[in-house]
Amino acid sequence: MSKNQKCHYCGGQEFAVRRMRYVYSRKEKHLFVPDMPVDVCLSCGMIFYHGPSLLRVEEQFKAIYERHELATRYTQMPVLELVD
Ligand SMILES: [Zn+2]
């Protein structure tokens, strides 16, 4: 997001770039991104993802699951199911 754009929610014009954890999921398959760059609105806290980053995650997801390329690294996560 460029500096002269407004927050779609509150109209704020100041943003900070942060890194966040992000999980891209499709059909029970997941790609974990530990350092996704986002713009955070300094007025309301709303998070805006960067279009090119989202496209890159989607492309990498396809590379891994359709073309069987290797991810940067692999991890295992414990799962907690809260619904009875
Ligand atoms: Zn805002």
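One-based numbering along the sequence shown. In each ligand, atom 1 is the first atom listed, and ligand 1 is the first ligand listed. The structure displayed is predicted, hence computed values, not measured ones.
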Residue pairs passing the side-chain hydrogen bond (donor to acceptor under 3.5 Å, both in side chains) test where at least one lies in residues 67-76, sequence neighbours excluded: Glu59-Arg67, Arg67-Glu69
Nearest 0.5 angstrom please: Tyr65 OH to Arg26 CZ, how far? 12.0 Å
Does the side chain of Met36 come within less than 4.5 Å of Val57's, by heavy atoms? yes
Hey, mind stepping through Val23 and Arg21 against side-chain contact (heavy atoms from CB on, under 4.5 Å) and telling me if it holds? CA-CA 7 Å; Val23 180; Arg21 288 183 291 272; over 6 Å; no
Note, the Zn ion (ligand 1) has protein N, O or S atoms under 2.8 Å numbering 4
With sequence neighbours left out, the residues meeting ring-ring contact (aromatic ring centres under 6.0 Å, His included) with Tyr22 are Tyr49
side-chain hydrogen bond (donor to acceptor under 3.5 Å, both in side chains) involving Arg56 - partner list, sequence neighbours excluded: none
